[in-house]
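The figures here come from the full heavy-atom set of this structure, side chains too, leaving out hydrogens, waters and symmetry mates. Quantities reported herein were computed from a predicted structural model and do not represent experimental measurements.
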Amino acid sequence: MLDIKYIRDNLDLVARKMTERRADIDFAGFSILDQKRRDILKEVEGLRSERNNVSKEIGRRKKTKEDAQELIDQMGSVSSRIKKLEDELKGVEAELNDLIMVIPNMPHASVPAGAGSEDNPVIRTWGEKPSFNFSPRPHWEIGEALNILDFSRAAKIAGARFAVYRGAGARLERALINFMLDLHTEVHGYTEVLTPYMVNRQAMTGTGQLPKFEEDLFKVAGTDYFLIPTAEVPVTNLHNSEILDERDLPLYYVSYSACFRAEAGSYGKDTRGLIRQHQFNKVEMVKFCKPESSYDELESLTFNAEEVLQRLGIAYRTVTLCTGDLGFSSAKTYDVEAWMPGQGDYREISSCSNFEDFQARRAGIRFRRESTGKVEHLHTLNGSGLAVGRTVVAVLENYQQEDGSVKIPEVLIPYMNGVDRIASIK
RNA sequence: GGAGAGAUGGCUGAGUGGCUGAAAGCGAUCGCCUGCUAAGCGAUUGUACGACCCAAAAGUUGUACCGGGGGUUCGAAUCCCCCUCUCUCCGCCA
């Protein structure tokens with residue numbers, strides 16, 4: 001969330017940025033509630049102060065056996081007035097909170113204005129798209145022909161938007177997970193964590209999935225648990241309500257997790273294949289850092305994600321999300337899009353974001369700056385490193401051979417127990 | 001699932017109705033002392049939200065906060081109720 005004082009002092013700027021983001025926020029209502037809250041607070045605090053003083057005097061008189069009944073009677077009415085104001089205050093604060101929690105983050109000054117994904121500028125491209133002397137097939141055809149992906153049996157046991165991996169397919173998914181985790185822990189300096197896949201409402205609120213996007217989540221019936229849509233949620237919330245030491249920053253975490261998304265509102269989109277599943281695997285990088293370094297950290301985070309594709313030898317491009325395409329909690333996001341020959345298009349395979357202090361304020365994640373002794377909200381970032389299912393898509397489609405087999409990228413061969421090609425047995 | 005014990009500041013831990021934002025110890029920071037280190041001595045060691053002041057910072061001041069929520073009371077860390085979490089024992093279980 002945004003700092004309430006910041007909104008109050010920069011109302012016009014915030015309102016303008018929210019329009020760019022296409023977020024419809026009731027700022028007039030905000031101002032009224034904010035003023036009302038402070039008015040009530042002023043009165044109630046004055047009365048509480050009075051009550052504290054008089055109560056002390058009552059205590060003193062009782063000790064010296066003086067009569068205090070008059071003061072006690074007097075405080076009775078003050079207390080009931082306080083109670084009434086406190087109830088009122090609670091209501092106003094709840095309303096104000098409801099409003100503030102659905103205001104998205106402010107886009108960073110470097111984020112280009114735009115309406116949607118078609119306005120995202122490409123900032124770099126890497127690698128050569130493979131050329132085929134046959135027409136490249138989509139991964140679901142390759143995978144089903146090799147009997148390594150099975151969508152119809154997945155539909156039988158779960159439904160649409162699920163997949164069963166089999167044999168070398170399952171091994172490929174696992175190989176990619178291990179390859180990515182090893183790269184980020186051994187080369188890029190991240191600490192691996194393995195977290196719960198279900199979290200409570202507070203954690204979901206901390207990273208911004210709640211209260212606004214509950215319909216995108218799976219909720220576990222009969223409990224107050226939600227299935228995580230990304231490891232960002234448990235990992236970022238690892239430090240919620242903490243004050244970290246400045247010397248411990250930056251913190252780098254990498255976490256493999258299954259991810260669960262309801263995909264409400266995406267009916268008809270990517271209905272075939274592994275691109276859009278209710279459950280998929282992802283290796284996620286999360287950083288906690290000081291405000292002054294978060295944009296440098298965003299660059300290195302994005303390069304860390306890109307390096308996975310470079311080592312796999314898969315062409316990609318990186319785009320900056322424009323204001324209209326930016327996620328709710330993000331101040332700036334780069335999407336890395338891998339070339340997928342079977343789709344004939346670049347597809348998002350990683351999304352790297354700087355949330356600045358937006359999540360840190362929601363989740364209460366702070367650090368103490370040694371030079372001033374003051375606590376400040378730190379900055380959080382995260383990025384996929386990478387979405388594993390989509391990486392399988394990229395490998396199958398980029399490394400497909402005319403005979404229907406799929407070569408295994410060099411770096412994955414050790415993770416595939418020496419297998420360098422997936423071919424159908426018959 | 002049953003029975004019991006707990007939750008207090010960076011940590012340990014006192015505190016059973018008012019003088020407690022909270023003893024004491026540890027740790028940390030600064031200073032003194034000191035060939036070096038250690039020891040010793042002294043000081044410091046909240047967070048949030050308001051108000052005042054204000055370019056800002058600083059400062060002054062008020063309120064709240066002892067797991068979370070509600071209640072009793074003139075007054076609650078302290079009494080009562082509900083919830084969450086942790087620990088121990090029994091049962092069950094991968």
*Has S79(A) got a side-chain N or O lying under 4.0 Å from the OP1 or OP2 atom of U73(B)?*
no

*In whole Å, what is the span from the CD atom of E50(A) to the P atom of A51(B)?*
20 Å

*Evaluate side-chain hydrogen bond (donor to acceptor under 3.5 Å, both in side chains) for N178(A) paired with Y256(A), printing each intermediate quantity in order.*
CA-CA 9 Å; N178(A) 287 331; Y256(A) 155 75; over 6 Å; no

_Under 4.0 Å, counting only non-hydrogen atoms across every strand here, what does R8(A) touch: a base, just sugar-phosphate, or nothing?_
sugar-phosphate

*For G62(B), take OP1 and OP2 only and decide whether either is under 4.0 Å from a side-chain N or O of R48(A).*
no

*If you take all heavy atoms of I123(A) and Y334(A), which pair is closest and at what distance?*
CD1-CE2, 3.5 Å

*Can you find a donor-acceptor N/O pair under 3.5 angstrom joining the side chain of K63(A) to the base of C19(B)?*
yes

*Report yes if at least one side-chain N or O of N53(A) is closer than 4.0 Å to OP1 or OP2 of C74(B); otherwise report no.*
no

*Does R60(A) have a side-chain nitrogen or oxygen under 4.0 Å from the phosphate oxygens OP1 or OP2 of C19(B)?*
no

*Can you tell me how far P of C49(B) sits from CG of D9(A), to the nearest Å?*
13 Å

_So, OP1 or OP2 of G70(B): does either fall under 4.0 Å of a side-chain N or O from K90(A)?_
yes

*Is the shortest side-chain N to carboxylate O distance from D224(A) to K219(A) below 4.0 Å?*
yes

*In which ranges does RNA chain B form stems of 3 or more consecutive Watson-Crick or G-U pairs, distances under 3.5 Å?*
B:1-7 with B:84-90, B:10-12 with B:24-26, B:27-32 with B:40-45, B:46-52 with B:59-65, B:67-71 with B:79-83

*When you check the gap from the basic side-chain N to the acidic O, do R366(A) and E376(A) get nearer than 4.0 Å?*
no

_Does a side-chain N or O of R61(A) approach OP1 or OP2 of G18(B) to a distance below 4.0 Å, or not?_
no

*Using atom CG of D224(A) as one end and atom P of G68(B) as the other, report the distance to the nearest whole Å.*
19 Å

*Hey, does D73(A) reach any base, or is it just sugar-phosphate, or nothing, if we go heavy atoms under 4.0 Å?*
nothing

_Value in whole Å for how far the P atom of C19(B) lies from CD1 of I58(A)_ = 13 Å

*Look at all strands and tell whether V44(A) reaches a base, only sugar-phosphate, or nothing, counting heavy atoms closer than 4.0 Å.*
nothing

*asked:* By the 4.0 Å heavy-atom rule, please label L71(A) as base, sugar-phosphate, or nothing.
replied: nothing

*Residue whose nearest RNA chain B nucleotide is more 5′ - D34(A) or E45(A)*: D34(A)

*Do L71(A) and E57(A) come within less than 4.5 Å of each other through their side chains, counting heavy atoms only?*
yes

_Ring-face cation contact, Y252(A) with K287(A), 6.0 Å cut, 45° max_ = yes

*Within the pair N52(A) and G75(B), is there a side-chain N or O less than 4.0 Å away from OP1 or OP2?*
no

*K56(A) NZ to A76(B) P: how many Å, rounded?*
12 Å

*Mind checking R368(A) for me? I need base, sugar-phosphate or nothing, with any heavy atom below 4.0 Å counting as a touch.*
sugar-phosphate

_Nearest heavy atom decides the nucleotide; on that basis, is R51(A) or S55(A) closer to the 5' end of RNA chain B?_
S55(A)

*Under the salt bridge (charged side-chain N to carboxylate O under 4.0 Å, His left out) rule, what do R247(A) and E370(A) come out as? Steps first, then yes or no, please.*
CA-CA 9 Å; R247(A) 69 186 74 155; E370(A) 281 177 36; 3.5 Å; yes

